[in-house]
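Input: a single structure, listed below in structure tokens.
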Amino acid sequence: MTEKILENFSIAQICESGQCFRMEEIQDGRYQVIAGDRYLELEQQGNRVRFDCTEVEYRDFWRHYFDIETDYGAVMAQINPNDTYLTAAAQLAWGVRILNQDLWEMIVTFLISQQNNIVRIRRCIKNICETYGTAKTASNGVCYYAFPTAQALAGLEEDALMACNLGYRSKYVVRAAKAVSSGEVDLAWISSLNYQKARAELLKLFGVGEKVADCICLFALHHLDAFPVDTHIRQVMEQHYKRGFPNRRYKGIRGIMQQYIFYYELHGSEK
DNA sequence: ATGCAGGCATTCA
DNA sequence: TGAATGCCTGCA
């Protein structure tokens with residue numbers, strides 16, 4: 001058990017922010033996270049967060065995974081108080097953080113996410129993990145499936161994942177797996193690139209367009225300037241930022257603003 | 001029952 | 001270059 005006092009951290013909000021599809025509430029206030037082949041359970045009361053892992057596991061992995069080293073209070077302090085929309089969005093999404101997730105996992109996840117709804121995205125990912133991921137047992141005895149490696153998917157026929165309900169996205173995922181597995185695409189190298197270059201490399205993957213590339217850049221590579229524009233964000237831009245989003249002001253943290261807006265659109269009651 | 005859900009590739013002007 | 005169109009599937 002590792003307990004921390006954390007500001008601007010809400011596991012419930014992170015779970016519902018739509019950047020991770022393998023995080024869920026398993027009991028009242030108790031959450032489960034599967035990241036790559038790791039498993040974690042955690043609980044929160046106010047700003048006290050209890051991680052069910054050793055101090056070493058927290059320091060070596062989960063601390064970075066939850067982006068604890070970034071000061072989100074300082075980020076929110078940069079929001080223009082005259083921007084009532086963004087202020088309200090950040091106020092509601094006060095505990096959202098940009099996770100540091102696995103690159104391969106995010107490529108697959110956001111290939112699946114396109115033209116899709118959240119319920120089915122979760123189901124698709126569950127299906128491929130249970131079919132092609134390694135079964136594991138957590139330290140508390142819970143069984144779970146690791147995210148399938150690129151190698152595990154690289155030998156499939158292009159339409160094999162339609163059995164996992166991916167639909168036309170099946171060939172996108174299988175082709176990506178082949179590219180990564182063969183070394184044609186070097187994930188470690190992409191990880192070393194800056195935002196613009198990493199984005200350009202990701203766009204070369206079949207099925208990866210600008211929106212998906214930006215999600216991968218933001219949620220795996222932690223390029224906080226990435227600003228994924230989907231249908232929701234596009235509507236917000238047309239409604240609230242007719243003269244364009246203030247990119248200059250939020251340079252370097254645009255992705256965090258995007259998450260506040262996205263969360264607000266998903267969970268804000270008014271509108 | 002059409003339209004759409006956190007798009008993208010392809011085609012055609 | 002930019003605008004239209006089909007695509008797996010499920011849900012309202």
Side-chain angles (χ1 to χ4, degrees), chain A residues 13-24 85-86 89 92-93 96-99 101 103 105-132 153 156-180 184-185 198-241 245 254-268 271:
Chain A
Q13 289 181 12
I14 293 169
C15 184
E16 289 168 9
S17 68
Q19 55 181 307
C20 176
F21 296 91
R22 302 199 78 196
M23 186 177 299
E24 63 175 325
Y85 176 80
L86 193 54
L92 186 76
V96 170
R97 287 170 171 264
I98 310 294
L99 301 177
Q101 300 184 78
L103 178 54
E105 190 169 337
M106 290 303 97
I107 290 172
V108 174
T109 295
F110 286 95
L111 276 172
I112 290 172
S113 78
Q114 66 182 71
Q115 195 65 16
N116 210 343
N117 61 71
I118 291 178
V119 174
R120 179 148 83 118
I121 295 168
R122 294 192 105 100
R123 194 163 59 230
C124 288
I125 292 172
K126 186 173 190 288
N127 289 341
I128 61 171
C129 289
E130 292 180 357
T131 308
Y132 299 103
L153 303 179
L156 300 178
E157 295 295 324
E158 290 196 347
D159 59 356
L161 295 178
M162 294 184 81
C164 291
N165 203 29
L166 297 217
Y168 69 88
R169 306 162 196 83
S170 174
K171 61 178 174 295
Y172 296 162
V173 173
V174 174
R175 283 204 205 177
K178 291 181 194 296
V180 169
E184 175 195 335
V185 168
R199 187 178 194 272
E201 286 306 308
L202 291 168
L203 283 171
K204 293 178 182 172
L205 287 167
F206 185 60
V208 173
E210 301 198 347
K211 189 271 177 181
V212 169
D214 277 332
C215 284
I216 298 167
C217 282
L218 186 57
F219 303 131
L221 302 175
H222 214 63
H223 292 307
L224 297 181
D225 214 26
F227 191 89
V229 177
D230 53 46
T231 65
H232 293 149
I233 298 295
R234 186 164 288 119
Q235 284 174 16
V236 170
M237 292 302 117
E238 286 166 7
Q239 246 188 332
H240 299 276
Y241 298 97
F245 190 73
R254 301 166 68 229
I256 300 177
M257 300 302 140
Q258 191 273 4
Q259 276 297 280
Y260 292 155
I261 293 170
F262 189 76
Y263 184 90
Y264 189 54
E265 290 300 312
L266 231 56
H267 302 102
K271 261 184 61 175

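Lettering of chains follows the sequences in order, A, B, ..., and the numbering in each one begins at 1.
Taking every heavy atom of both residues into account, Ile107(A) and Ile216(A) meet most closely at CA-CD1, 3.7 Å. Across all non-hydrogen atoms, the minimal contact from Val229(A) to Lys211(A) is O-CG, 3.4 Å. Annotation for Leu92(A) and Gln13(A): closest pair O-NE2, 3.3 Å, computed over non-hydrogen atoms.
Separation of the P atoms belonging to dT5(C) and dC4(B) is 14 Å when rounded to the nearest angstrom. Comparing dG10(C) with dC8(B), their P atoms sit 22 Å apart, to the nearest whole Å. On the P atoms, dA3(C) is 24 Å away from dG6(B), given to the nearest whole Å. Spacing of P atoms, dA5(B) relative to dG2(C), comes out at 24 Å, to the nearest Å.
A donor N or O paired with an acceptor N or O is found under 3.5 Å between the base of dG7(B) and the side-chain atoms of Tyr168(A). Side-chain atoms of Arg120(A) and base atoms of dC8(C) include a donor and an acceptor less than 3.5 Å apart. Judged by distance alone, with hydrogens and angles left aside, Lys211(A) brings a side-chain donor or acceptor within reach of the base of dG6(B), the pair sitting under 3.5 Å.
Glu238(A) and Arg234(A) are not joined by a salt bridge, as no carboxylate oxygen comes within less than 4.0 angstrom of a charged side-chain nitrogen. Checked for salt-bridge contact, Asp214(A) and Arg199(A) meet the test: a charged N lies under 4.0 Å from a carboxylate O.
Contacts of Gly209(A) with the nucleic acid, taken as non-hydrogen atoms under 4.0 Å apart, involve only primed sugar atoms and P, OP1 or OP2. When heavy atoms are screened at a 4.0 angstrom cut-off, Val208(A) is found touching the sugar-phosphate backbone but no base atom. At the heavy-atom level, Leu266(A) lies nowhere under 4.0 Å from the strands shown. Residue-level contact check: Arg123(A) touches the backbone only, with heavy atoms under 4.0 Å from sugar-phosphate atoms and none from bases. Residue Phe219(A) is in base contact, counting any heavy-atom pair closer than 4.0 Å across all strands shown. Looking at heavy-atom distances under 4.0 Å, Gly18(A) makes contact with a base. Within 4.0 Å of Ser17(A), counting heavy atoms only, lies at least one base atom of the nucleic acid. As judged by a 4.0 angstrom heavy-atom cut-off over every strand, Phe206(A) is placed among residues touching the sugar-phosphate backbone only.
In this structure, NE2 of His232(A) is placed 13 Å from C1' of dG7(B), rounded to the nearest angstrom.
Looking at DNA chain C, the stems built from 3 or more consecutive Watson-Crick or G-U wobble pairs, each pair with its key distances under 3.5 Å, are B:2-5 with C:9-12, B:7-13 with C:1-7.
Using a 4.0 Å cut-off, no side-chain N or O of Gln114(A) falls inside it from OP1 or OP2 of dG7(B).
Listed for the Arg169(A) side chain is a donor-acceptor partner under 3.5 Å among the backbone atoms of Leu166(A).
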Test side chain to side chain contact (heavy atoms under 4.5 Å, CB included) applied to His232(A) and Tyr264(A), step by step:
CA-CA 10 Å; His232(A) 293 149; Tyr264(A) 189 54; over 6 Å; no

